[in-house]
Every structure is written in structure tokens, then in C-alpha cells.
Amino acid sequence: MNYVLGLINLHEDNRLIKEITRKRPIATIPFAGRYRLIDFILSSMVNSGIISVGIMLPDKAASILDHLRSGKDWDLARRHEGLFYLLPSNDDDDIRQSELKTFYQNLNIMRRSPQEYILLSGAHTVFNIDFNNVLRFHQNTNADITMLYYRPGRKLHSPCTVIKTKENGLVSDIANCPAAGEDADVSMGTYLMSRKVFLEIVEHSYERGGSDFLLDGIMRMTAHYNIYGCCYDGYVSCINSLYGYYQTSMDLLNPQIWNELFIDNAPIYTRTKDDVPAQYKSRANVHNSLISNGCTIEGLVENSILFRDVRIEKGVKIKNSIIMQGCQLHKNSCLENVICDKNVTISAEKYLKGAESYPLIVEKNTVI
Amino acid sequence: MKTECLAMILAGGQGSRLGVLTKRVAKPAVHFGGKYRIIDFPLSNCSNSGIETVGVLTQYKPLELHTYLGTGEAWNLDRKNGGVYILPPYAREKEADWYKGTADAIYQNINFIETYDPDYVLILSGDHIYTMDYSWMLEEHKMNKAEATISVIKVSHKEASRFGIMTTDRNGRITAFEEKPKNPQSTLASMGIYIFNWRLLKRYLEEDYADCLSEHDFGKNIIPKMLADHVRLFSYSFDGYWKDVGTIESLWEANMDLLKETPSFDLGGSWRIYSSHNPLPPHFIGANAKITNSLVSGGAVIDGSIKNSVIFPGVHIGKKARIVNSVIMPYSIIHAGAVVEKAIVAENCEIMNDCHIFSDNGSITVIAEGETITSIGSDNKQVG
């Protein structure tokens, strides 16, 4: 796989998940107790043997840079190749800021790269995938572009791209944001193509006023290229809405999914923080939950996910909630169907409850 | 490259009193505290104290220890100037020798130390659990215009006969030193942490090497000789948590010290202990699990009940299994219905369904690495 260049595009639509993306892109949304969403695609690329990964930075890049730094934690801090960043251009002409423009402005890097293929993806996908199988599929079908897709098997509550394929896998139709049924084939936003095809699409579509790689690039050039759909049947969730985030988090409490993502396959890497093991005190009462290092628990926790360094005091009751890093829940507070962003403090005796299908969000650094 | 103070960690000991736990690894590589190994403590202390050149002297079964240390990245000791150096014994033109004692181990690495031209050398052992800022000790060493400083801790009169005991005058200058005295004159025990002026130490090491009657040991030979020569030896008193985990009992006790409502040793302070470990997700607590007064690490899956215990990464505790007063090391599996009481289960063990691990006489049961226990009611299976 060292002849594949990974490209992770962080220009992602966050309109349906604004509450937790005010200060960060979708890529750095905290997830599964100690990770950020970008860890899944990045680890999958690295575990597949990709040693060169470009990150296309969005406007709110601070949290990305703080998380990835040199790429050491993903084994991407290398003397040659490794992690590199594609910066959005900051020339005078900012009327047409778009992902295609960023690609176009950074084409020289891609032209110079020694890799033959490009694997392009967003960072909002939760999965643990081996891309070697995708490359094999790509080569066997002689495809120009391979699009990864999955069958969600449940109703999606947020917009998605649906594809139709012929029996041999050839893509016959691509529809953006249609009403998708339960049996729809949904694109994961991950594409494999030769570097040559990638350069052609970027140049051709940007020069014709395009801004979006899928809409203005691939979809307008379907006649030009052999586009194949490659179905991935492992666990996949694309997070682009708050409800999707909540639902996917709760999926992790299913041991089968937890095992598939974290234990049975190659590891998911993230920035290491050297926290102490979680401490359970004498009144701790925890059921069906994921608990991270650095937590101190003296109360009741049920069907919930606790991130690092969360403190749960005596008499606290937490149900069906997601509590992010550094939160403090003081005595006898009670939370149900709540998502607490980082460093939230809930003072003693407070009661917060969201609906099962509409969790209550407490924004970063809030004190209640 | 000039370095003011260089640390040397003595990590070659066999640790025979830890029995089966050191069957395959050196004592400093033994697991501790839910995610650490013993050597993480001196290494993290060095890193946090700003000492960035650290030699680790290894000898006994060093493979796992060497692998674990790697480039020193986990402790922030992969430095361009300095960093971690692994120093096993090596052959010279005329002879090849094992390290014959703590002083001999340092003697054989004089060349290494000289490349950094240090003013001071800090000697540490790789088998103690504590957090300490060595830079304060160095400050005091300089203030006292000492030629050697030994870190000491107050122990009870009863325990004193197990340690090297110092007697000091009111300025902290050491006036007498007794190794494991029957009738201790004081209760200040040496913690095995020394700072020496390098020029002086080098001279004593060379003299000691030539002395064929010497056991080449800091406590038995170097320190008494310095005292006899009226070298300016000072004590540095330390009043935090410190524990020698050289025996099964003390290792178990040190693990238990991390538990309780207010633990006697709290790992969660601002003085961070670093360790190198596999990337694992948060641990999973099943619907019928019950965990109290315990530490649990990443990647563990808990379906049973745990009380007063330390659970390492990747451990599985099956349904209705019961763990009490025990230490379960990485990736061990305790199957459904099994009971483990007052035991240390080393890594990669498997305790099959409904087995009962305990001992009648209240002693600590140790299950050696990789063992599978199948018989129900295994009583006191191989103590080390």
C-alpha cells in the first residue's frame, strides 16, 4: 500500500451537528471515550500500510493541529513521507473558497508525489477497514474510480449520497440527498482512484467553475470514467448529525460492535495522554457503560460513555448519556439522555433530562 | 555534550524474591498499578525532574525490558542530546564480565558517563514505587556543598532492621551508616537514591574495582568507605509515599495502597507517570457487573464483580466471576463463575469456569504468566 497516497478532506458539512462543532470541525469531535472521529480513517489508512497522508485543513484547524501534531501517535512522523497538511489558499480571491479550490491550489504536491493511487476520504466515518481489499477490488475490476458504499440497514436521519450499481459493481446512478430507504446503498465518501484520474477531475472541474469534488467532479464525469461501487459489510456509521452522533455512540455499548471496531481488527490509534486507570470508589455502581482512564466514579452510571478525566461524585445518577473529557458532576446531580461537551461542570443537586431521540447538549466549558 | 546531572538506573537485578513473576522478565519490567511497570516510576521522575540523560543498566533477562524502553519516547526521553541509553554488560579487549554489583555496574560504564562530562551523577534503583522531584534533591546537594547526598525516609523502628539506616547530625550530615542493623540507632532508611559529585565517585569506583575483597556494592562498600574518609555525606529527607516492591507481599501491598477512598498513594496528581502501552479503547462494563474500590484499565471487559482489586489492560472478567483483593495483569481471562481471592494473576493467564483461587493461610497466591488453571479449588497454586 505504499503506492497509495491518503488524502483526508476536512471540509465537511456540519450544519446538522452545529452544537458540538462550533469550535471544531467534524473530524475532531470526541468519540468513544478517548478518540476523535479522524482517528478512524487515519488508523485504517495506516493499518492498511499507507505511509503518506495529506490532511486538507478546514478553517477551524486549531483542534486538528493540536490533535495530530507530528503524526507520531499514528506512526506518521517519518523522515520521508508521513503526515503533511494541505492549507486552504489565502489569496485575495476568496469568492470561491471550496474543497476543489484547495485541491487545485495544492496540485503541485500531488503531481510530485511518488504514489500511483489516491485514497480520498472525509473524516466523519466510524469504521475499522482494511483498504488492501479495496485496492484489490479496484485493480480486479479495472475501475477508474472505486466508491465505497455500505447498507445502513436502518433509516438514516441525515442527508446522504445514494448510489445504484449493476450486478458487476458498475455504478449506474449517483444521487445526492435523496429520500433514502432502509435498503439503500449509501456512499461512505471514500474514493480510490489513480493519481492521474484525480488530477484530471480536479483540473477539469475546477476550471469549469466547480467547487465540490463529488457534485462537480465525479457526478458530472460519470460518462467519462468507469466508476465501481465496492460494498463494505463491516460496521460503518457516517456522522453528520447530532442524532447520528448519539446513536453511533450508543452503538458502542453493543459488545459486538465495540469488539469489531477496537479489539478484533487492527488498533485505532489516538493521541496518548498517560492518564491513570479509572478509579471506582466504594459507592460506585456502573452498568453497561464505557469508562475511560482518568475517571473517578462514586455514583451510578448506566448505559453511558465516560471520556477521560470525568469525575462522578456521590449520589450522582447518569443514564443514557455521553460525558466528555474533564467534566465534573457534583453530588446528587442527575443526568438522562444528555451529551456534555468537554469540561462541563454540573453543580450539586441539578437535574437534566433530554429526550431519547433528541439528547440535551451542554456546551463546552459550561457551568450549570 | 556537557550535562549537569546524569541519571543511572540500576535495572539488572533478578528480583528472585518476586518468584514466578520474574521468571521471564527483570524486576523493573514487572507490571504495577493497573497500567504501569515498575521502571516507569524512576523514568517518569527523571523526565519530570528535567533530567534528560538516563542510562538504564540491564543484565538479567533484559529482552522485554529493552523492548519496553525502546527509544524512550513514552517518557519523553527520545532526545537529540541525551535521552535513554540501555547499558547491558559488554566485552572489552581483554575480558568480559557481568555486572558484579551495583558499584561495578557503574564502574563498567565510566566511559559512557564521561561522554556527558557530568558534574553530578544520580544513582537510582529500578524497583521502587514513589514520585519524587530529583531537582530539589540536587538543589539541596549543592546548597550543602555535599560531595554525596543520600535520600532517606523515616520508617518504623520495627522495619528499620530491613534497611540501610543512617544517623545524621542536626545539619543533616550523615555520621553513621549501618546496613540492615539488628539494633538500629535511627529510623532514617536509605531509599537507594544517591547523588554523587562525579569526580569523587569516579575515584571511589576505581579504588573499589581494584579492591578484591569488595562486593562492589554502594550500600556495603562505597558509602561506608566514603564515611570513613570523612567525605561530606548528607541526607535528603523525603516524606512522600515510597515502597520497595522487591517481594510478593510488598508488591501486592503497593497495589492495594492505590485503592481505598483516599489512597495512600494517588497516581492521579499533577506529577504524571508515563508508560508505554498498546492502544486500547475505554473498558467495557457489562450490565451485571459490580465494581467497587478498584482500578480498571483500558480494553478490559468486566461482566463479573470486582472488589479491592487492580485490573490491567485487556483483562476479561466473565459473568458471575468474583475478584477480591487481587491484581490481575494484562490480557488474563477469568472465566464465568471463577473466584479469585488475594492473588496476583500474572499476564496472559486463564482461570477456567468456576475455579477458585485462594489460600487457606491468608498468604498471597501467585499465578505465573501464561498459566491455565482448570482444577476447581486450586489452593495456593505455586507461590514464588
- Query: Using a cut-off of under 4.5 Å for heavy-atom pairs, which of B/Val296, B/Ile273, B/Leu267, B/Val301 has the most such pairs with chain A?
  - Reply: B/Val296
- Message: Can you list everything that forms a side chain to side chain contact (heavy atoms under 4.5 Å, CB included) with B/Ala26? Sequence neighbours excluded, please.
- Response: B/Pro28, B/Tyr60, B/Leu65
- Assert top hit (heavy-atom pairs under 4.5 Å, partner chain A, pool B/Ile311, B/Ile291, B/Leu258) equals B/Ile291
- Identify, with sequence neighbours excluded, every residue that meets ring-ring contact (aromatic ring centres under 6.0 Å, His included) alongside A/Phe307. none
- Query: B/Ala300, B/Gly298, B/Gly299, B/Ala287: which one forms the most heavy-atom pairs within less than 4.5 Å of chain A?
  - Reply: B/Ala287
- Item | side-chain hydrogen bond (donor to acceptor under 3.5 Å, both in side chains) involving A/Tyr232 - partner list, sequence neighbours excluded | none
- Note on the structure: Closest non-hydrogen atoms of B/Pro282 and A/Leu290, given as atom of the first, atom of the second and distance, are O-CD2, 4.0 Å
Chain B against chain A: donor-acceptor pairs under 3.5 Å:
| from | atom 1 | to | atom 2 | distance (Å) |
| --- | --- | --- | --- | --- |
| A/Arg34 | NH1 | B/Leu280 | O | 2.6 |
| A/Lys72 | NZ | B/Asp78 | OD2 | 3.2 |
| A/Lys273 | O | B/Arg272 | NH1 | 2.8 |
| A/Asp274 | OD1 | B/Ser275 | N | 3.2 |
| A/Asp275 | O | B/Lys35 | NZ | 2.4 |
| A/Ala278 | N | B/Val296 | O | 2.9 |
| A/Ala278 | O | B/Val296 | N | 3.0 |
| A/Tyr280 | N | B/Ser294 | O | 2.8 |
| A/Tyr280 | O | B/Asn293 | N | 2.9 |
| A/Tyr280 | O | B/Ser294 | N | 2.9 |
| A/Tyr280 | OH | B/His283 | NE2 | 2.6 |
| A/Lys281 | O | B/Asn293 | N | 3.4 |
| A/Lys281 | NZ | B/Lys260 | O | 3.4 |
| A/Lys281 | NZ | B/Glu261 | O | 2.8 |
| A/Ser282 | N | B/Glu261 | OE2 | 3.0 |
| A/Ser282 | N | B/Asn293 | OD1 | 3.4 |
| A/Ser282 | OG | B/Glu261 | OE2 | 3.1 |
| A/His287 | ND1 | B/Ala287 | O | 2.9 |
| A/His287 | ND1 | B/Ala289 | O | 3.3 |
| A/Asn288 | N | B/Ile285 | O | 2.8 |
| A/Asn288 | N | B/Gly286 | O | 3.1 |
| A/Ser289 | N | B/Ile285 | O | 2.9 |
| A/Ser289 | O | B/Ile285 | N | 2.8 |
| A/Ile291 | N | B/His283 | O | 3.0 |
| A/Ile291 | O | B/His283 | N | 3.0 |
| A/Ile291 | O | B/His283 | ND1 | 3.2 |

- Message: Measuring from atom CD1 of A/Ile297 to atom CD1 of B/Ile285, what distance do you get when rounded to the nearest 0.5 angstrom?
- Response: 7.5 Å
- With a 4.5 angstrom heavy-atom cut-off, which part of A/Leu261 approaches chain B: side chain, backbone, both or neither? neither
- Task: Select one option (side chain, backbone, both, neither) describing which atoms of A/Ala32 are under 4.5 Å from chain B's heavy atoms.
- Result: backbone
